[in-house]
> 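Next up is a structure, given as structure tokens.
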Amino acid sequence: MRCLYEVLGVEKTADDDVIKKAYRKLALIWHPDKNQHRLEEADANFKEIQNAYEVLSDKHERAWYDSHREQILRSGERHQAGGGPGGFTAGERPEDEIDLFQYFNSSCYTGFGDGPKGFYGVYKELFETLAKQETTAWELSDAATAKNATPPTFPSFGSSESPAAEVFAFYSCWSSFVTYKDFAWADMYHPATAPSRQVRRRMEDENRKARRAARRDYLDNVRELVAFVRKRDKRVAKFQAEEAARRAEAQAAEAARRAAEREERLRRAAEYQEPQWVTQGEADEPSEDGSLEAHIQQEQHYCIACEKAFKSAGQLASHERSKKHLEALAALREVLVEEEAWLLDQHAEQETSAAAQQQHQAQQQPAQQRASRSKKGKKNRKQQQKRQQQQQPDASDGDALHLSGAAVDSD
């Protein structure tokens, strides 16, 4: 049985237009009406061409055929359009799918030689076969059509004489193995046989679950097999022992270096001699009578920031370069800056208070002037009233005298 793409003479990546043109061309060539002299051959070829076009022109049928193409071709049965059996058996594992469980046993190899039956020969052939299957699966997957796509590479298992870098590169790659296979053989249903759209979607969901389960089992089996082989690989044990020896040697050398450095520091400390300016400063210490000159010299060698006195200018200079002095100087500078800021704030507050007091006094002065003028006015009015009261009795006395005089004249 031929592949449907071979029947129409197109590539697997051909689009619908290319498939339609190929079908029309072949249909004209092998139509039974135009081949009466070879009617049986023409009839068989025309049916095969027609079936191939019906499958590849339907996107669902074509997707199904692409996923199960190898299984269908191995069955030897023609895949019929419309959901015919076509060599599909639900959940049937392909013949080229390797049974990994037989390699989880030391009986699959004899000795640790590089021959066909040896440890390195058996597992080298096995992993090379798995790598070829992954390369083929990648070529058929969507990853191969991506921009700047590069096929996967798998390090070789090597031989018993392989260097450490090659061995550890192999185990590093295969321990994190990822497959490109689609596991279409794990499908449980053929969606083309569904009586309705809802049933077909349910079938597709079940097929996706089955594929995921098969993929997960395959990945677990490969990774477990890699761990099984690594545990028994004598190269790994040899390289690990060599690495442990190198690590121990490096640690011993490091310990010896640290011990030598410690002894060197102790030797230098024992041979240390104080500088001349230190001894000179000790000789120049002031006497017990405390002369004025010694007291002035001591004040000249006094650190205000640290509140310490030094015996000589050299000691003071050395102290001023120390980290402790610089920290104390920075702290003193911060205190002075804070005090200066506080004094400026106090001065500003005093100026603001004086200005406010002057403004208040300026506002109160016109009111006091008005109050004093009102008091003076009241006093003047009272004095005027008193003068008027004093003048009224004088006038009444004059009238009385006038009246008495008139009475005497009449008598």
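Values reported hereafter were calculated over all heavy atoms of this structure, with side chains retained and with hydrogens, waters and symmetry mates removed.
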> Let me confirm one number: the CG-CD distance from Leu126 to Gln102, rounded to the nearest 0.5 Å.
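Reported value, rounded in 0.5 Å steps: 8.5 Å.
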> For the pair Arg235 and Phe170, evaluate side-chain contact (heavy atoms from CB on, under 4.5 Å) and give the outcome as yes or no after the intermediate values.
CA-CA 12 Å; Arg235 300 173 303 178; Phe170 168 82; 5.5 Å; no
> Any heavy-atom pair between the side chains of Lys234 and Tyr120 that's under 4.5 Å?
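Of all side-chain heavy-atom pairs linking Lys234 with Tyr120, at least one is under 4.5 Å.
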> Got a donor-acceptor contact below 3.5 angstrom from the Gln36 side chain to the Pro32 backbone?
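Between the backbone of Pro32 and the side chain of Gln36 there is a qualifying donor-acceptor contact (under 3.5 Å).
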> So Thr110 and Phe119, side-chain contact (heavy atoms from CB on, under 4.5 Å) or not? Walk me through it.
CA-CA 6 Å; Thr110 303; Phe119 177 86; over 6 Å; no
> Taking the side chain as C-beta and beyond, is there a heavy-atom pair between Phe154 and Phe127 under 4.5 Å?
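Not in contact.
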> Can you list the residues that meet the ring-ring contact (aromatic ring centres under 6.0 Å, His included) rule with Tyr23, with sequence neighbours excluded?
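Scan of Tyr23 (ring-ring contact (aromatic ring centres under 6.0 Å, His included), adjacent residues dropped) gives Tyr53.
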> Atom CD1 in Ile19, atom CZ in Arg24: separation rounded to 0.5 Å?
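Taking CD1 in Ile19 and CZ in Arg24, the distance rounds to 13.0 Å.
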> List the atom of Met203, the atom of Pro191, and the distance in Å for their closest heavy-atom pair.
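Heavy-atom minimum between the residues: SD-CA, 3.9 Å.
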> Nearest 0.5 Å please: distance from the CD atom of Glu334 over to the CG atom of Leu329.
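One gets 10.5 Å once the value is rounded to the nearest 0.5 Å.
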> To the nearest 0.5 Å, what is the distance between CZ on Phe157 and CG on Leu130?
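Answer rounded to 0.5 Å: 12.0 Å.
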> Within a reach of under 6.0 Å around CD of Glu125, are more than 12 heavy atoms found that belong to other residues, nucleotides or ligands?
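Atom CD in Glu125 is not crowded, with 12 or fewer foreign heavy atoms closer than 6.0 Å.
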> Which is it for Leu4 and Asn51 under the side-chain contact (heavy atoms from CB on, under 4.5 Å) test, yes or no, and what are the steps along the way?
CA-CA 8 Å; Leu4 299 184; Asn51 178 71; 4.1 Å; yes
> Provide the full list of side-chain hydrogen bond (donor to acceptor under 3.5 Å, both in side chains) pairs with a residue in residues 13-22, sequence neighbours left out, each pair given once.
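Qualifying pairs, neighbours excluded: none.
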> Is the backbone of Leu326 close enough, under 3.5 Å, to the side chain of Arg321 for a donor and an acceptor to pair up by distance?
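Not a single qualifying donor-acceptor pair exists.
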> Taking only residues two or more places apart in sequence or in another chain, which ones pass salt bridge (Lys or Arg N to Asp or Glu O under 4.0 Å) with Asp217?
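Partners of Asp217 by the salt bridge (Lys or Arg N to Asp or Glu O under 4.0 Å) criterion come out as none, since no residue qualifies.
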> Pairs in or reaching into residues 324-358: which pass ring-ring contact (aromatic ring centres under 6.0 Å, His included), with residues at least two apart or in two chains?
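Matches after skipping sequence neighbours: His319-His325.
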> If the condition is ring-ring contact (aromatic ring centres under 6.0 Å, His included), which residues does Phe239 pass it with, not counting sequence neighbours?
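ring-ring contact (aromatic ring centres under 6.0 Å, His included) list for Phe239, sorted by chain: empty.
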> Search all heavy atoms of Lys124 against all heavy atoms of Gly158 and return the closest pair with its distance.
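Closest pair (atom of Lys124, atom of Gly158, distance): CD-O, 3.8 Å.
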> Lys47 vs Asp43, test: salt bridge (charged side-chain N to carboxylate O under 4.0 Å, His left out). Steps then yes/no.
CA-CA 6 Å; Lys47 288 181 179 179; Asp43 186 60; 3.4 Å; yes
> Please enumerate all residues that pass ring-ring contact (aromatic ring centres under 6.0 Å, His included) together with Phe168, with sequence neighbours excluded.
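Phe168 satisfies ring-ring contact (aromatic ring centres under 6.0 Å, His included) with no other residue.
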> Does Asp142 offer a backbone N or O that forms a donor-acceptor pair with the side chain of Thr145 under 3.5 Å?
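Answer holds: yes.
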> First locate atom CG of Leu316, then atom CZ of Phe310, and finally report the distance between them rounded to the nearest 0.5 Å.
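Here the interatomic distance stands at 6.0 Å.
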> Can you pull out every ring-ring contact (aromatic ring centres under 6.0 Å, His included) where at least one residue sits in residues 194-233? Sequence neighbours excluded, please.
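Output for this query lists Phe104-Phe228, Phe183-Tyr218.
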> If you compare all heavy atoms of Arg62 against all heavy atoms of Leu56, which two are closest, and at what distance to 0.1 Å?
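Minimum heavy-atom contact is CD-O, 3.5 Å.
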> Show me the donor-acceptor pairs, under 3.5 Å and distance only, between side chains in residues 259-267 and residues at least two apart or in other chains.
unit_1 : atom_1 : unit_2 : atom_2 : d
Glu261 : OE2    : Arg257 : NH1    : 2.6
Glu264 : OE1    : Arg267 : NE     : 3.3
Glu264 : OE1    : Arg267 : NH2    : 3.3
Glu264 : OE2    : Arg267 : NH2    : 2.2
Glu264 : OE2    : Arg268 : NE     : 3.1
Arg267 : NH1    : Glu271 : OE1    : 3.0
Arg267 : NH1    : Glu271 : OE2    : 3.4

> State whether the number of non-hydrogen atoms from other residues, nucleotides or ligands found under 6.0 Å of Arg223 atom CZ is greater than 12.
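It does: Arg223 CZ has more than 12 such atoms within range.
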> Quick one: does any side-chain atom of Thr135 pair with a main-chain N or O of Ala131 as donor and acceptor, under 3.5 Å?
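Judged by distance alone, yes, a pair lies under 3.5 Å.
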> For the CG atom of Leu8 and the CD atom of Gln50, what is their distance to the nearest 0.5 Å?
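Here the interatomic distance stands at 11.5 Å.
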> So, Asn207 side chain and Tyr189 main chain: donor-acceptor pair closer than 3.5 Å or not?
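Confirmed, Asn207 side chain pairs with Tyr189 backbone.
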> Shortest non-hydrogen contact from Thr153 to Pro155?
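Nearest heavy atoms, Thr153 then Pro155: O-CD, 4.1 Å.
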> What heavy-atom pair brings Ala143 and Ala149 nearest, and what distance separates the two atoms?
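Scanning both residues completely, I find the closest heavy atoms to be O-CB, 3.3 Å.
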> Heavy-atom distance under 4.5 Å between the side chains of Lys181 and Arg215, does that happen here?
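They are not in side-chain contact.
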> Just one of Lys209, Arg208, Arg202 clears the side-chain hydrogen bond (donor to acceptor under 3.5 Å, both in side chains) bar with Asp205, so which one?
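Going through the options one by one, the only one that passes is Arg208.
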> Can you run down the ring-ring contact (aromatic ring centres under 6.0 Å, His included) pairs that involve residues 245-264, sequence neighbours left out, and say none if there aren't any?
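Those involving residues 245-264 do not exist here.
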> Report the residues that fulfil salt bridge (Lys or Arg N to Asp or Glu O under 4.0 Å) with Glu243, sequence neighbours left out, ordered by chain and then residue number.
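For Glu243 the salt bridge (Lys or Arg N to Asp or Glu O under 4.0 Å) partners, ignoring immediate neighbours, are Arg246, Arg247.
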> Does Ser353 reach the main-chain N or O of Glu349 with its side chain, forming a donor-acceptor pair under 3.5 Å?
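No: the side chain of Ser353 does not pair with the backbone of Glu349.
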> Between the side chain of Glu134 and the main-chain N/O of Tyr180, is any donor-acceptor distance below 3.5 Å?
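A pair under 3.5 Å: yes.
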> Kindly say whether Gly314 contributes a backbone atom to a donor-acceptor pair with the side chain of Ser318 at under 3.5 angstrom?
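The answer is no, because no donor-acceptor pair under 3.5 Å joins these two groups.
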> Please state whether the rings of Trp174 and Phe177 are parallel, tilted or perpendicular, taking 30° and 60° as the class boundaries.
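If you compare the ring of Trp174 with that of Phe177, the planes turn out parallel.
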> Looking at Tyr103 versus Tyr109, is the centre-to-centre ring distance below 6.0 Å?
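No - the distance between ring centres of Tyr103 and Tyr109 does not fall below the 6.0 Å cut-off.
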> Filter on side-chain hydrogen bond (donor to acceptor under 3.5 Å, both in side chains), then keep only pairs touching residues 158-173, sequence neighbours left out; what's left?
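Every pair satisfying side-chain hydrogen bond (donor to acceptor under 3.5 Å, both in side chains) with a residue in residues 158-173: Asp114-Ser160, Tyr171-Asp233.
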> Kindly write out the residues that satisfy ring-ring contact (aromatic ring centres under 6.0 Å, His included) with Tyr5, not counting sequence neighbours, or none if the list is empty.
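With sequence neighbours excluded, Tyr5 shows a ring-ring contact (aromatic ring centres under 6.0 Å, His included) to no residue whatsoever.
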> Between the main-chain N or O of His31 and the side-chain N or O of Asn35, is there a donor-acceptor pair closer than 3.5 Å?
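Answer holds: yes.
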> Take Cys303 and Glu320 through the side-chain contact (heavy atoms from CB on, under 4.5 Å) test and state the conclusion after the steps.
CA-CA 8 Å; Cys303 177; Glu320 290 177 347; 5.7 Å; no
